[in-house]
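The chains referred to below are lettered A, B, ... by the order of the sequence lines, with proteins before strands, and numbering in each begins at 1.
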Amino acid sequence: MELLTNLQLGFDVALTFQNVLYCFAGVVLGTLIGVLPGIGPVATIAMLLPATFALPPVSALIMLAGIYYGAQYGGSTTAILVNLPGESSSVVTCLDGYAMARQGRAGAALAIAALGSFFAGTVATVVLALAAPPLAELALRFGPAEYFSLMVLGLVAAVVLARGSLLKAVCMILLGLLLGLVGADVNTGQFRYTFGLPNLADGIGFVVVAMGIYGFGHIIANLERPDERTTGIAPIGSLFPTRADLKASWKAVLRGTGLGSALGILPGGGALLASFAAYSLEKRIAKDPSRFGKGAIEGVAGPESANNAGAQTSFIPVLTLGLPTNPVMALMVGAMMIHGIAPGPQVMTERPELFWGMVASMWVGNLFLVLLNLPLIGIWVKLLSVPYRLLYPAILLFCCIGVYSLNNSAIDVGLAMLFGLLGYLFIKLDCEPAPLLIALVLGPMMEENLRRAMTLSRGDPMVFVSRPLSLGLLVVALALLVMVVLPVVRKKREEAFQE
Amino acid sequence: MTTTTTRREETKILIRDPKDFYAGLLFLFFGGVAAWVARDYPMGSALRMGPGYFPTVLSAILLALGIVTLLHGLDLREARRLRPLVLILAAVGIFAVSIEPAGIIVATVLTVVIGAAASSESRPLEVIALLAVLLALAVGVFTYALGLPFKLMPTLPPALLSVWPFSLIPV
């Protein structure tokens with residue numbers, strides 16, 4: 001079977017000493033930042049990007065991917081033991097996880113979260129291996145018109161799936177597209193929005209924006225509130241779940257894995273959305289919904305499986321279509337480009353060792369994560385007691401060093417400072433920054449494909465609806481738009497994000 | 001990434017007197033426009049004033065008074081809440097301006113000290129210990145191990161280099 005030979009190739013790459021080492025480094029770092037509230041995968045990956053310059057591309061991408069799914073494991077530890085989400089995708093785990101911890105069953109919650117995540121990670125790896133080749137094959141038939149329609153769909157989905165006001169999300173998309181225009185126009189070389197500054201000629205770096213908003217902006221917002229971790233860490237208790245726990249949770253793990261794998265692929269999806277959706281699903285189908293919030297183990301098993309599955313399947317659109325669906329994936333696109341790899345369907349055919357090596361490394365990484373998060377849980381709990389006042393100056397300095405060393409440009413650090421202010425304002429004004437970041441990456445590609453498609457069709461805009469693939473994508477985008485405007489769905493969406 | 005989820009109650013308004021505040025903005029606007037329009041008029045000197053001298057001085061004074069009026073309209077006790085915002089951004093800004101001329105050691109010290117001052121919970125001894133660790137990381141890991149192109153020390157004028165303690169710096 002072709003899949004088996006491909007996976008064989010993947011494991012050959014992933015199991016070299018160097019790659020196992022970087023995979024391990026990635027998941028350790030991921031767990032670390034997952035456990036620590038106040039720093040997420042976006043800022044961490046942005047910070048470490050320059051450090052991967054010297055590595056071979058496969059090792060670099062294996063490590064960066066490990067940070068993202070590793071953070072999903074770590075996030076649950078903090079949620080269960082301290083009632084604080086270590087990662088935003090663990091917000092819902094707090095509800096029942098912490099309730100379990102107060103009943104002295106933190107160990108069981110942690111074990112179910114880790115085992116559920118491992119199962120979800122294994123399944124998501126297989127989903128990735130199975131779904132990617134046909135999608136990439138489809139994408140090879142894409143022309144500029146299809147790519148443009150695909151990006152329209154991606155942006156529409158980013159709006160629909162964003163938390164909070166739809167109107168604000170649309171505005172954030174437009175702002176992101178505009179920011180993406182800064183620099184030299186690809187076709188004519190005309191400078192746009194550069195204000196005569198030579199540093200802006202290549203555009204505003206994605207890392208600069210991400211670091212400003214997710215690094216500096218969040219530090220400021222965190223400092224305005226008192227350090228909440230003084231509330232105390234719940235004792236872990238026995239790590240072995242009871243037979244009843246296992247019986248209650250295995251179905252939730254299956255459902256969470258399925259839902260998470262599906263939602264991860266969607267534009268705008270990923271770990272965060274998957275965990276929210278899984279929690280509301282578990283609550284809806286439960287025989288007795290009133291148990292939720294009081295220590296129902298399904299409320300831990302479902303979302304924790306879903307966020308890990310979602311984190312891994314969100315690599316599918318990036319690796320097959322070159323389309324990032326969330327800010328972390330947008331950074332992965334940046335990382336690939338730094339290493340001279342153009343993301344898209346050709347990655348799988350031209351660099352099979354890279355693609356399959358990454359897929360296989362995810363399974364290896366998940367194995368590490370179970371070991372890191374169950375037997376070694378005590379170490380992470382100790383780290384939790386480090387107060388934020390000692391953490392944030394380090395984060396601040398490493399962010400500065402990271403932004404600077406990307407291009408050895410002090411101007412970039414200055415720009416990141418401005419985006420830090422902007423990010424802080426976004427937090428204060430409840431504007432979700434994820435759509436802006438996705439649009440920032442998609443903007444230039446979208447414009448290029450629009451112009452190319454229009455040139456090829458000699459200025460006939462019908463090209464987007466006369467080609468069946470392009471039409472299909474636009475219809476899906478339109479359907480999504482109509483759906484959210486409908487009052488019924490709109491209410492449901494608001495309810496879903498309420499929880 | 002925990003911040004977006006919790007709503008905060010501190011949306012209290014910083015403005016104490018809206019009339020003063022908006023009047024200040026108005027003066028700033030006119031001062032700014034006047035200075036912008038006059039930017040290309042030749043300044044001349046105090047002895048032989050050019051056409052740009054008087055307008056520029058007038059707009060500068062208007063801008064200054066506009067700021068005073070605006071501040072007058074603000075509740076400055078409330079402004080303490082801006083401490084994290086101002087100091088974190090200042091720490092990043094200091095890194096940006098100091099890294100190239102002064103090198104990684106000076107930039108690290110400035111960034112960490114100013115950054116640490118942003119939290120009211122920071123304690124001086126802890127900050128010094130943290131700074132020592134971060135300096136070791138910045139120099140040991142980032143500069144030597146990862147080979148990022150930072151210079152360690154500021155470039156001093158040659159005349160200073162022969163004087164103690166600068167003479168101790170290896171060149």
Bottom line for I99(B): the part with an atom under 4.5 Å from chain A's heavy atoms is side chain
Applying a strict 4.5 Å limit to non-hydrogen atoms, the region of I104(B) in contact with chain A is side chain
Nearest heavy-atom approach of R389(A) to E121(B) is CD-O, 3.0 Å
Side-chain H-bond candidate by donor/acceptor type, Y404(A) with E100(B), under 3.5 Å: yes
Which of L134(B), V92(B), L135(B) passes side-chain contact (heavy atoms from CB on, under 4.5 Å) with L397(A)? It is L134(B)
Applying a strict 4.5 Å limit to non-hydrogen atoms, the region of L137(B) in contact with chain A is side chain
Smallest heavy-atom separation, A116(B) atom then Y392(A) atom, equals O-OH, 3.0 Å
Output for pair (L85(B) CG, F216(A) CZ), nearest 0.5 Å, gives 13.0 Å
dist F142(B):CZ -> S405(A):OG (nearest 0.5 Å) comes out at 7.5 Å
Max heavy-atom pairs within cutoff under 4.5 Å with chain A, candidates A107(B), P149(B), A138(B), goes to P149(B)
Rounded to the nearest 0.5 Å, the CG atom of L223(A) sits from the CD1 atom of I88(B) at a distance of 5.0 Å
- Message: Within the supplied structure, the quantity of interest is the number of heavy atoms (other residues, nucleotides, ligands) at a distance under 6.0 Å from K151(B) NZ; does it exceed 12?
- Response: yes
The interface call for F426(A) against chain B, heavy-atom contacts under 4.5 Å, is neither
Worksheet item: Yes or no on side-chain contact (heavy atoms from CB on, under 4.5 Å) for E224(A) and R83(B), after CA distance, side-chain angles and deciding distance?
Response: CA-CA 9 Å; E224(A) 288 192 340; R83(B) 177 166 144 185; over 6 Å; no
If one checks every heavy atom of F53(A) against chain B at 4.5 Å, the contacting part turns out to be neither
Cut-off 4.5 Å, heavy atoms of chain B, and the answer for A394(A) is both
Interface check, chain B: of I401(A), I219(A), N408(A), L396(A), most non-hydrogen pairs under 4.5 Å belong to I401(A)
Interatomic distance, OH@Y388(A) vs OG@S122(B), rounded to 0.5 Å, equals 11.0 Å
Distance col, row Y424(A):OH vs L82(B):CG, nearest 0.5 angstrom, shows 6.5 Å
As a quick check of understanding, evaluate side-chain contact (heavy atoms from CB on, under 4.5 Å) for I220(A) and L89(B), giving each step before the final call. CA-CA 9 Å; I220(A) 299 167; L89(B) 294 181; 4.0 Å; yes
Ranked by heavy-atom pairs below 4.5 Å to chain B, first place among G212(A), P393(A), A54(A), G75(A) goes to P393(A)
Pair count under 4.5 Å, heavy atoms only, with chain A: among A90(B), G93(B), G115(B), highest is G115(B)
